[in-house]
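Remarks on the structure that follows.
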Amino acid sequence: MAKSQHHEADVLVIGWGLAGLVAATEAAAAGRRVIIVDQEPRANLGGQAFWSFGGLFFVDSPEQRRLGISDSLELARQDWFATAQFDRDDDHWPRQWAEAYLDFASGENRAWLREKGVGFFPVVGWAERGGYNATGPGNSVPRFHITWGTGPGLVAPFQASVEAAEATGRITILPRHRVTALRTHAGGVTGAHGDVLAPSAAARGEQTSRDVVGSFEILAAATIVSSGGIGGNHDLVRAQWPARLGTPPTRMITGVPAYVDGSMQPVARAAGAHLINGDRMWHYVEGIQNWSPIWPNHGIRILPGPSSVWLEATGARLPVPLYPGFDTLGTLAHLRRTGHDHSWFVLSQKIIEKEFTLSGSEQNPDLTGKDVRLLLRSRLGKSAAGPVKAFMDRGADFVVRRSLDELIEGMRALPGGEVLDPELVRREIEARDREIANDFTKDAQIAMLRSARAFRGDRLIRTAAPHRILDPANGPLIAVKLHVLTRKSLGGIKTDLSARALDERGSVIPGLFAAGEAAGFGGGGVHGYRALEGTFVGGCLFSGRIAGRAAVG
């Protein structure tokens, strides 16, 4: 085994995802010597954020105003707290972080990013629409701002700042350094030690070995934990799965690389950090198996428009208002009580070409590559976007047929499809189609579709004109088998508003800070039970900035 390494720094950052890069940038800009460690090879600099769609939650932005959206801090606060439903003693600091984040999202967030060269797609998306009353969960207005360049475009300015500081010696980056313990002295944290892992030439996102070739120790005045969540560790996800979401799935697919394993949780806890809200989590129910996987069990989330008919595994239609894009966790809780691990979208070609977007930078080459010509073809064209078409042709979960009988036969041929009741599917789809004959209807989803198209952004690129799914002119028919897709932890290390880690008594642990998903995106759970979307990478930006500035002190 190689000789043990010894390093010293003013600030140690554990984890080089977006929160870690932002924190390191802030500390280095203040003149501090910074070390960044991560267990992965350097190809993964930027972490999960690189793979993201780059959606950001802004309030009363120029993009919203240009589309005629009337938003305000008061309306956003109403939506956030109705969605979060804070109800625990441990929610004191998460509430404070929520207030601070809302001020950031309605204030300097956008301008700060614009100064760094980050641009935004002009059409604002409407995620988590809710569908309940005004004091229920969900976004009252569209607030999902897509970064021009998606996740890589959001990571780029912070990576560039880190690498510029590295060139001057202000920042040192140590790949393949896995922290196994935090150094403690007199009740405070003074750095970390751990294993040096064998070098790896694996491409970004690919699983790597945990072969140990050495050890290291780092002394630091301040240590920032920004190591991410647990979504790549299904055993840990199941162990923390709450009863309110039903039983955990027997089979899930994975929306994050394998290195998102929660391994820093016990390390932080052993140093005295108080981890809270571990039972609050954010997983999607529109997951599909990636036909070209990068990491093990790789899944992709469909970002659906609101028109697809959502069926349980048996063929029963989901209840109001559990429509695509309305209430992620409400839908997850309902489906987990059906006794099956999958559900179905049934839709037409006309719907898929207008409404289907796949989450992730690699699934959106037009936005990621900032290719306007490709964007116009893919978003306004008369066929499904290229990445969606690839899944239609090659994806294991897609069934494309000309008639309903053939479609049902294809659905039943997929694993688990034998529980599908053909007569129930036919009754649900035919009944839905009969409601299209008039401009008025008792079908709440169809009424919502007509309402959604009053918003210019939905009418332009997100919501198909209501039509009969079974009309051959709108075909072929498409069914998509959907899986639970692991993604985000909403709980984490409890922190105060300076991102300082707190112990079980609520006392500050000197020298220890936390940011990003490791801190529940701030406070140990800024989202409460549910999130409003655009607040994950946004939470990494906000908490990383606070942690980096506070660690300087």
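Just so it is clear, the values below take in all heavy atoms, side chains as well, and ignore hydrogens, waters and symmetry mates.
- Residues Asn277 and Tyr529 have side chains not in contact (no heavy-atom distance under 4.5 Å, counting atoms from C-beta outward).
- The side-chain contact (heavy atoms from CB on, under 4.5 Å) test applied to Asp235 returns Asn233, Arg238, not counting sequence neighbours.
- Aromatic pair Trp16/Tyr259: ring centres not closer than 6.0 Å.
- At a threshold of 4.0 Å, the pair Arg33-Asp10 counts as salt-bridged, since one of the basic side-chain nitrogens sits closer than that to a carboxylate oxygen.
- Between Trp282 and Tyr284, the angle of the ring planes goes over 60°, which puts this pair in the perpendicular group of the 30/60° scheme.
- Counting only distance, with no hydrogens or angles, the side chain of Thr368 and the backbone of Ser361 share a donor-acceptor pair below 3.5 Å.
- Between the side chain of Asn139 and the backbone N or O of Trp126 there is no donor-acceptor pair closer than 3.5 Å.
- Residues Asp38 and Arg176 are not paired through a salt bridge, judged by the lack of any N-O separation under 4.0 Å between the basic side chain and the carboxylate.
- A salt bridge does not link Asp327 to Arg129: none of the charged side-chain nitrogens sits closer than 4.0 Å to a carboxylate oxygen.
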Apply side chain to side chain donor-acceptor pair (under 3.5 Å) to the pair Arg183 and Thr190, showing each step before the final yes or no.
-> CA-CA 5 Å; Arg183 298 182 79 258; Thr190 59; 2.7 Å; yes

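- Ionic pairing of Glu128 and Arg530 is not present here: no N-O contact between side-chain nitrogen and carboxylate oxygen is shorter than 4.0 angstrom.
- By the side-chain contact (heavy atoms from CB on, under 4.5 Å) test, Ala100 pairs with Leu497, Phe542, sequence neighbours left out.
- Remark: the backbone N or O of Arg114 is not paired with any side-chain donor or acceptor of Arg110 at under 3.5 angstrom.
- The six-membered or imidazole ring of Phe57 lies away from that of His145, with a centre-to-centre distance of 6.0 Å or more.
- Under the 4.0 Å criterion applied to side-chain N and carboxylate O atoms, Asp195 and Arg210 are not assigned as salt-bridge partners.
- Between Arg280 and Asp91 there is a salt bridge, since a side-chain N of the basic residue sits under 4.0 Å from a carboxylate O of the acidic one.
- Judged by the 6.0 Å distance and 45° axis criteria, Arg204 is positioned over the aromatic ring of Phe50.
- Tested against His177, the residues Gln5, Gln39, Glu40, His7 include a single side-chain hydrogen bond (donor to acceptor under 3.5 Å, both in side chains) partner, Gln5.
- A salt bridge does not link Arg545 to Glu26: none of the charged nitrogens lies less than 4.0 Å from a carboxylate oxygen.
- The pair Arg77-Glu99 counts as a salt bridge, with a side-chain nitrogen and a carboxylate oxygen less than 4.0 angstrom apart.
- Of the charged side-chain nitrogens involved, at least one lies within less than 4.0 Å of a carboxylate oxygen, so that Arg42 and Glu163 count as a salt-bridged pair.
- The backbone N or O of Gly360 sits nowhere less than 3.5 Å from a side-chain atom of Gln363 that would complete a donor-acceptor pair.
- Each of Arg487, His234, His298 was checked for a side-chain hydrogen bond (donor to acceptor under 3.5 Å, both in side chains) with Thr254, and the lone residue meeting it is His234.
- Scored by the side-chain contact (heavy atoms from CB on, under 4.5 Å) test, Ala84 finds Trp80, Phe86 as partners (sequence neighbours excluded).
- For the pair Arg373 and Asp371, the salt-bridge criterion is not met [side-chain N within less than 4.0 Å of a carboxylate O].
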